[in-house]
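Values reported hereafter were calculated over all heavy atoms of this structure, with side chains retained and with hydrogens, waters and symmetry mates removed. All chains are named by letter (A, B, ...) in the order of the sequence lines, taking the proteins before the strands, and each is independently numbered beginning at 1.
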Protein chains: 2
Amino acid sequence: MKLGNLNIKEPTTRNARITFDEIEKAALRLFYENGYHGTTINDITQAAGVAAGTFYLYFPSKKVLYQHLLFTLSKDIRREIATRVGAATTRYQKEREGIKAFIEYAERRPEIYNIIWESLYIDRKLFKEYYESFSARYVNGLKEARRQGEIRDLDLEVLSFVLMGITNFVALKVIMDLGEGDNDIERIVDVVMDLLSTGLFTKKAS
Amino acid sequence: MKLGNLNIKEPTTRNARITFDEIEKAALRLFYENGYHGTTINDITQAAGVAAGTFYLYFPSKKVLYQHLLFTLSKDIRREIATRVGAATTRYQKEREGIKAFIEYAERRPEIYNIIWESLYIDRKLFKEYYESFSARYVNGLKEARRQGEIRDLDLEVLSFVLMGITNFVALKVIMDLGEGDNDIERIVDVVMDLLSTGLFTKKAS
DNA sequence: CTACTATGTGAATAACCATTCAGTTTATGA
DNA sequence: TCATAAACTGAATGGTTATTCACATAGTAG
């Protein structure tokens, strides 16, 4: 009936389910294309093929719809990454798969990537929660790797932000096609893993 | 008289200069506190202590003010980093100083950091331009280091996004006080440099 | 078939807000 | 001092938009 504590009324009948899904789908696309503030309830309902009032049968406000999308999608992206990382055995492979999974997901569904970052300008608390919980999960994985002696003894919380930063910016490069080089995912992940393996500097430099 | 091609009318008298500066200052603070869309022209002029109409003596629109701030501030942050990086001799030191300069700048003036990221939701073209030009400069510096044999042979464009990602996310951690560990800049930069020096994995792992 | 509930409608409401403009004040320099 | 331009004012305008509501329809259980 209710989703989380957001006061969203989930539909009970088959047709209403379709309407609900259409509203979600349209909102996701439009928030991506025109941003949260650039999207009106009328835009959303029109794209979903329903009247404006229908929106309020399911969502109490525009902001709650946004939060709902943010929660749903962050769960989705985390699940996807967790599955792929879980299938790998070494930490090296886990790191590689994690980065690849994130970039591929962001490329397939750039809306999600966008919505998460935009939270900084809609509700700072949501943004903070999202990255702190992502970091905490990352740290757990890294702790296990350190127990196994697979990674060096570095501060894991800082490390998690470093790795999230790498992944996010490299994904950004891919989905917005930034820079002049080709944005082939396999090639880019190779560069990242090379850096993580051997570091940036030559022997000569140190 | 005019700033860039933005059609901003710069003031000619001393008092008008003060007014102009107050508007800029108020806007910067309010865009940071409440975001671009959460800030009205009335908020800005009120905070600056002038009437609403005064705003339009100098800026043709709210969006142009935003672009003006973005341009001015990105020049400022780049200049600051360039100065500190230029003073270092080895690439290791340049990298260290660059990361530190960025984080310290972001901590001192978090508004700037915020404004740059928000461009993604105000004008995607501006965002793209900002990061592509930042990347291009970074690549130039890295090219020189590679000529000198100071860094390994990695794709420099990808590398620039990796390094920007690290710096941005670590700065984010500091200015939003994310995570549970202390956010001492010196300590964090040490972790980053350690990773860049020796890589993430132990010998055992490879 | 009937009553009931869920679903849907879209025009109306009430706020909000960027921008304009007709008029006023202030500074300047001759 | 006076004329002129620059700076400033703030109420009015016009457009936008989240949300509401009185009404309509469709599905369903009895």
Side-chain angles (χ1 to χ4, degrees), chain A residues 1-3 6-28 30-31 33-70 118 121-123, chain B residues 1-3 6-28 30-31 33-70 118 121-123:
Chain A
M1 224 27 138
K2 285 221 246 152
L3 262 172
L6 291 178
N7 257 46
I8 291 169
K9 206 183 299 146
E10 276 208 79
T12 54
T13 70
R14 169 193 295 260
N15 281 349
R17 178 85 242 166
I18 292 170
T19 299
F20 185 90
D21 289 348
E22 286 295 322
I23 290 173
E24 272 187 334
K25 210 170 58 182
L28 185 58
L30 290 167
F31 283 166
E33 284 173 9
N34 309 317
Y36 176 81
H37 295 285
T39 303
T40 70
I41 300 293
N42 262 297
D43 293 340
I44 294 170
T45 50
Q46 203 174 315
V50 294
T54 303
F55 179 87
Y56 293 91
L57 293 177
Y58 303 108
F59 302 97
S61 70
K62 185 182 171 186
K63 184 141 175 208
V64 162
L65 162 65
Y66 171 81
Q67 288 182 17
H68 164 67
L69 285 175
L70 181 66
E118 194 169 14
Y121 305 100
I122 297 169
D123 191 332
Chain B
M1 224 31 136
K2 286 222 246 153
L3 260 172
L6 292 179
N7 258 45
I8 291 168
K9 207 184 299 145
E10 277 208 78
T12 54
T13 70
R14 169 194 294 259
N15 281 349
R17 178 84 243 168
I18 292 170
T19 300
F20 185 90
D21 290 347
E22 286 295 323
I23 290 173
E24 271 186 334
K25 211 170 58 179
L28 184 58
L30 290 166
F31 283 166
E33 285 173 7
N34 308 318
Y36 176 81
H37 295 286
T39 303
T40 70
I41 299 294
N42 262 297
D43 293 339
I44 294 170
T45 50
Q46 205 174 312
V50 294
T54 304
F55 179 87
Y56 293 91
L57 293 177
Y58 304 107
F59 302 97
S61 71
K62 184 182 170 186
K63 185 143 174 204
V64 162
L65 163 65
Y66 171 80
Q67 287 181 19
H68 163 67
L69 285 174
L70 181 65
E118 193 170 15
Y121 305 100
I122 297 168
D123 191 333

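Note: B:Y58 and B:F20 have perpendicular aromatic rings, judged against thresholds of 30 and 60 degrees for the angle between ring planes.
Taking B:Y66 as the reference, B:Y36 meet the ring-ring contact (aromatic ring centres under 6.0 Å, His included) condition, with sequence neighbours excluded. Listed by chain and residue number, A:T40 satisfy the side-chain hydrogen bond (donor to acceptor under 3.5 Å, both in side chains) test with A:D43 (two or more places apart in sequence, or in another chain). For A:Q46, there are no side chain to side chain contact (heavy atoms under 4.5 Å, CB included) partners, not counting sequence neighbours. Applying the side-chain hydrogen bond (donor to acceptor under 3.5 Å, both in side chains) rule to B:K25 yields the partners B:E22; only residues at least two apart in sequence or on another chain are considered. With sequence neighbours left out, the side chain to side chain contact (heavy atoms under 4.5 Å, CB included) criterion links B:D123 to B:K63, B:Q67, B:K125, B:L126. Not a single side-chain hydrogen bond (donor to acceptor under 3.5 Å, both in side chains) links A:N42 to another residue, sequence neighbours left out. Every residue two or more places apart in sequence or in another chain was checked for a side-chain hydrogen bond (donor to acceptor under 3.5 Å, both in side chains) with A:N15, and none qualifies.
Of all nucleotides in DNA chain D having an atom under 4.0 Å from a heavy atom of chain A, the first and last in 5' to 3' order are D:dT17 to D:dG27.
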Show the distances under 3.5 angstrom between N or O atoms of the protein and N or O atoms of nucleotides 25-30 of chain C.
from: C:dA27; atom 1: OP1; to: B:N15; atom 2: ND2; distance (Å): 3.3

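Note on the helix from C:dC1-D:dG30 to C:dA30-D:dT1: angle between the axes of the first and last five pairs equals 10°, rounded to 10 degrees.
A:L6 and A:P60 make their closest contact through O-CG, 3.7 Å (heavy atoms, listed as atom of the first residue, atom of the second, distance).
Of the residues in residues 35-46 of chain A, none lies under 4.0 Å from DNA chain C by heavy-atom distance. Residues of residues 52-66 of chain A having a heavy atom closer than 4.0 Å to DNA chain C, listed by number: A:A52, A:G53, A:T54, A:L57, A:Y58.
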